[in-house]
Amino acid sequence: MAKKKPKQKPFGQLLREKRIEKGYSLRKFAQLVGVSPTYLSQVEQMNVDPPTADRVKRMAEILEESVDEWTALAGRLTEDLPAIIHESPTEVPDLLRAVRGLTGDQLRRLREDAERMKEEGRDEET
(Lines give C-alpha, C1' and ligand atoms only; values in the text may rest on other atoms or scores of the structure.)
Protein backbone atom coordinates (compact mmCIF):
# COMPACT_ATOMS: atom_id res chain seq x y z
CA MET A 1 0.00 0.00 0.00
CA ALA A 2 1.39 3.37 -1.04
CA LYS A 3 2.13 5.90 1.65
CA LYS A 4 -0.02 8.97 1.58
CA LYS A 5 2.03 12.12 1.02
CA PRO A 6 1.82 14.65 3.82
CA LYS A 7 -0.08 17.76 2.82
CA GLN A 8 2.28 20.48 1.63
CA LYS A 9 2.21 23.89 3.17
CA PRO A 10 1.36 26.79 0.87
CA PHE A 11 4.39 28.52 -0.62
CA GLY A 12 3.93 31.75 1.34
CA GLN A 13 3.60 29.98 4.68
CA LEU A 14 6.67 27.82 4.08
CA LEU A 15 8.67 30.83 2.93
CA ARG A 16 7.82 32.77 6.08
CA GLU A 17 8.65 29.81 8.35
CA LYS A 18 12.01 29.13 6.68
CA ARG A 19 12.96 32.81 6.53
CA ILE A 20 12.33 33.23 10.25
CA GLU A 21 14.00 29.89 11.04
CA LYS A 22 17.16 31.12 9.25
CA GLY A 23 17.08 34.41 11.14
CA TYR A 24 16.32 36.78 8.25
CA SER A 25 14.18 39.83 8.87
CA LEU A 26 11.54 40.58 6.25
CA ARG A 27 13.48 43.67 5.14
CA LYS A 28 16.86 41.92 4.92
CA PHE A 29 15.48 38.92 3.04
CA ALA A 30 13.60 41.16 0.61
CA GLN A 31 16.83 43.06 -0.05
CA LEU A 32 18.74 39.82 -0.72
CA VAL A 33 16.07 38.62 -3.14
CA GLY A 34 15.70 41.99 -4.83
CA VAL A 35 12.05 42.68 -4.02
CA SER A 36 10.32 45.18 -1.76
CA PRO A 37 9.48 44.20 1.83
CA THR A 38 5.84 45.02 1.05
CA TYR A 39 5.79 42.58 -1.86
CA LEU A 40 7.52 39.87 0.19
CA SER A 41 4.99 40.34 2.97
CA GLN A 42 2.16 39.99 0.45
CA VAL A 43 3.71 36.76 -0.87
CA GLU A 44 4.07 35.34 2.64
CA GLN A 45 0.47 36.23 3.45
CA MET A 46 -0.59 34.64 0.15
CA ASN A 47 -2.29 37.83 -0.99
CA VAL A 48 -0.47 37.66 -4.34
CA ASP A 49 0.69 34.84 -6.60
CA PRO A 50 4.07 33.31 -5.81
CA PRO A 51 7.03 35.11 -7.42
CA THR A 52 8.65 34.25 -10.75
CA ALA A 53 10.75 31.10 -11.08
CA ASP A 54 13.95 33.18 -10.95
CA ARG A 55 12.97 34.78 -7.66
CA VAL A 56 11.81 31.47 -6.20
CA LYS A 57 15.19 30.01 -7.15
CA ARG A 58 16.99 32.88 -5.43
CA MET A 59 14.85 32.46 -2.29
CA ALA A 60 15.49 28.71 -2.16
CA GLU A 61 19.24 29.22 -2.62
CA ILE A 62 19.43 31.82 0.15
CA LEU A 63 17.46 29.56 2.49
CA GLU A 64 19.46 26.47 1.41
CA GLU A 65 16.35 24.65 0.22
CA SER A 66 15.72 22.53 -2.88
CA VAL A 67 15.21 24.82 -5.88
CA ASP A 68 13.17 22.15 -7.68
CA GLU A 69 10.84 21.56 -4.72
CA TRP A 70 10.32 25.25 -4.08
CA THR A 71 9.75 26.00 -7.74
CA ALA A 72 7.11 23.28 -7.94
CA LEU A 73 5.49 24.45 -4.71
CA ALA A 74 5.25 27.93 -6.19
CA GLY A 75 3.52 26.48 -9.26
CA ARG A 76 6.40 27.43 -11.54
CA LEU A 77 8.79 25.52 -13.79
CA THR A 78 12.55 25.74 -13.57
CA GLU A 79 14.02 27.47 -16.61
CA ASP A 80 15.43 24.27 -18.16
CA LEU A 81 12.17 22.29 -18.25
CA PRO A 82 10.35 24.05 -21.13
CA ALA A 83 13.36 23.46 -23.39
CA ILE A 84 13.48 19.79 -22.39
CA ILE A 85 9.78 19.39 -23.16
CA HIS A 86 10.16 21.16 -26.51
CA GLU A 87 13.00 18.82 -27.51
CA SER A 88 10.55 15.87 -27.39
CA PRO A 89 7.09 17.46 -27.39
CA THR A 90 5.17 14.18 -27.44
CA GLU A 91 7.42 11.77 -25.57
CA VAL A 92 8.20 13.89 -22.51
CA PRO A 93 4.55 14.76 -21.71
CA ASP A 94 3.63 11.08 -22.28
CA LEU A 95 6.39 10.04 -19.88
CA LEU A 96 5.24 12.54 -17.25
CA ARG A 97 1.67 11.26 -17.49
CA ALA A 98 2.88 7.66 -17.21
CA VAL A 99 4.89 8.30 -14.03
CA ARG A 100 2.20 10.35 -12.35
CA GLY A 101 1.21 8.63 -9.12
CA LEU A 102 4.43 6.66 -8.68
CA THR A 103 6.07 6.82 -5.27
CA GLY A 104 9.25 8.78 -4.64
CA ASP A 105 11.19 5.52 -4.47
CA GLN A 106 9.76 4.31 -7.77
CA LEU A 107 10.63 7.65 -9.39
CA ARG A 108 14.21 7.47 -8.08
CA ARG A 109 14.61 3.96 -9.54
CA LEU A 110 13.17 5.13 -12.85
CA ARG A 111 15.57 8.11 -12.90
CA GLU A 112 18.51 5.79 -12.18
CA ASP A 113 17.42 3.54 -15.08
CA ALA A 114 17.17 6.60 -17.36
CA GLU A 115 20.64 7.79 -16.34
CA ARG A 116 22.03 4.30 -16.99
CA MET A 117 20.35 4.24 -20.43
CA LYS A 118 21.86 7.65 -21.25
CA GLU A 119 25.29 6.44 -20.20
CA GLU A 120 24.93 3.27 -22.31
CA GLY A 121 23.89 5.45 -25.26
CA ARG A 122 27.03 7.54 -24.86
CA ASP A 123 29.19 4.43 -24.71
CA GLU A 124 27.64 3.13 -27.96
CA GLU A 125 28.37 6.43 -29.72
CA THR A 126 32.08 6.36 -28.89
Side-chain angles (χ1 to χ4, degrees):
M1 187 164 155
K3 287 183 186 176
K4 191 173 182 179
K5 281 186 166 183
K7 188 174 180 180
Q8 289 184 321
K9 294 178 181 177
F11 179 81
Q13 181 183 348
L14 183 64
L15 172 61
R16 184 174 194 282
E17 288 176 5
K18 294 294 181 180
R19 176 183 60 76
I20 291 171
E21 184 181 300
K22 294 283 184 175
Y24 291 108
S25 69
L26 183 74
R27 185 171 301 279
K28 179 65 178 173
F29 192 73
Q31 181 184 26
L32 291 171
V33 174
V35 298
S36 73
T38 302
Y39 173 73
L40 184 59
S41 176
Q42 292 295 306
V43 170
E44 288 184 351
Q45 294 176 47
M46 297 173 279
N47 292 333
V48 296
D49 289 337
T52 62
D54 286 347
R55 286 193 175 134
V56 171
K57 178 182 177 191
R58 180 77 181 125
M59 291 173 175
E61 288 171 345
I62 293 168
L63 296 172
E64 299 174 340
E65 297 291 330
S66 164
V67 171
D68 286 337
E69 285 182 26
W70 276 51
T71 303
L73 185 59
R76 309 289 187 205
L77 291 176
T78 56
E79 61 190 37
D80 62 330
L81 289 181
I84 293 169
I85 292 168
H86 285 120
E87 287 173 8
S88 303
T90 303
E91 293 84 358
V92 172
D94 284 350
L95 176 64
L96 294 175
R97 289 182 190 103
V99 302
R100 186 176 189 184
L102 295 181
T103 65
D105 187 52
Q106 290 171 317
L107 291 170
R108 274 189 292 282
R109 290 193 327 240
L110 190 59
R111 189 195 73 229
E112 289 168 3
D113 285 347
E115 289 171 348
R116 197 171 16 259
M117 290 169 67
K118 279 175 58 178
E119 193 61 38
E120 289 170 1
R122 284 190 198 119
D123 291 344
E124 291 173 6
E125 290 176 8
T126 57

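From a predicted model like this one, the values you see are computed outputs, not experimental measurements.
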Testing the basics here: between P89 and H86, what is the closest heavy-atom pair and its distance to 0.1 Å?
CD-O, 3.4 Å
If you look only at pairs with a residue in residues 49-62, which of them pass as a side-chain hydrogen bond (donor to acceptor under 3.5 Å, both in side chains), with sequence neighbours excluded?
none
Taking all atoms of both residues into account, what is the closest heavy-atom pair of L81 and L77, and its distance?
CD1-CD2, 4.0 Å
In chain order, what residues pass the side chain to side chain donor-acceptor pair (under 3.5 Å) check against E44, with sequence neighbours excluded?
R19
Output the rest of the hydrophobic cluster of M46: all Ile, Leu, Val, Met, Phe, Trp and Tyr residues reachable through side-chain heavy-atom contacts under 4.5 Å, sorted by chain and number.
none
Go through the structure and list residues passing side chain to side chain donor-acceptor pair (under 3.5 Å) with T78, not counting sequence neighbours.
D80
Could I get the full list of side chain to side chain donor-acceptor pair (under 3.5 Å) partners for E112, not counting sequence neighbours?
none
Going by the ring-ring contact (aromatic ring centres under 6.0 Å, His included) test, which pairs reach into residues 94-123, not counting sequence neighbours?
none
Identify, with sequence neighbours excluded, every residue that meets side-chain contact (heavy atoms from CB on, under 4.5 Å) alongside S66.
D68, E69
Applying side chain to side chain donor-acceptor pair (under 3.5 Å) to R108 and not counting sequence neighbours gives none
Between atom OG1 of T38 and atom CG of N47, what is the distance when rounded to the nearest 0.5 Å?
12.0 Å
Just wondering, are more than 12 heavy atoms of other shown residues or ligands nearer than 6.0 Å to CZ in R16?
no
Is V48 isolated, or which residues cluster with it under the ILVMFWY side-chain rule of less than 4.5 Å, directly or via members?
F11, L14, L15, Y24, L26, F29, L32, V33, V35, Y39, L40, V43, V56, M59, I62, L63, W70, L73
Taking salt bridge (Lys or Arg N to Asp or Glu O under 4.0 Å) as the cut-off, I'd like each qualifying pair that reaches into residues 22-41, sequence neighbours left out, listed once.
K22-E64
Mind checking what makes salt bridge (Lys or Arg N to Asp or Glu O under 4.0 Å) contact with E17, not counting sequence neighbours?
K9
Listing request: all salt bridge (Lys or Arg N to Asp or Glu O under 4.0 Å) pairs with a residue in residues 88-105, at least two apart in sequence or in separate chains.
D94-R97, D105-R109
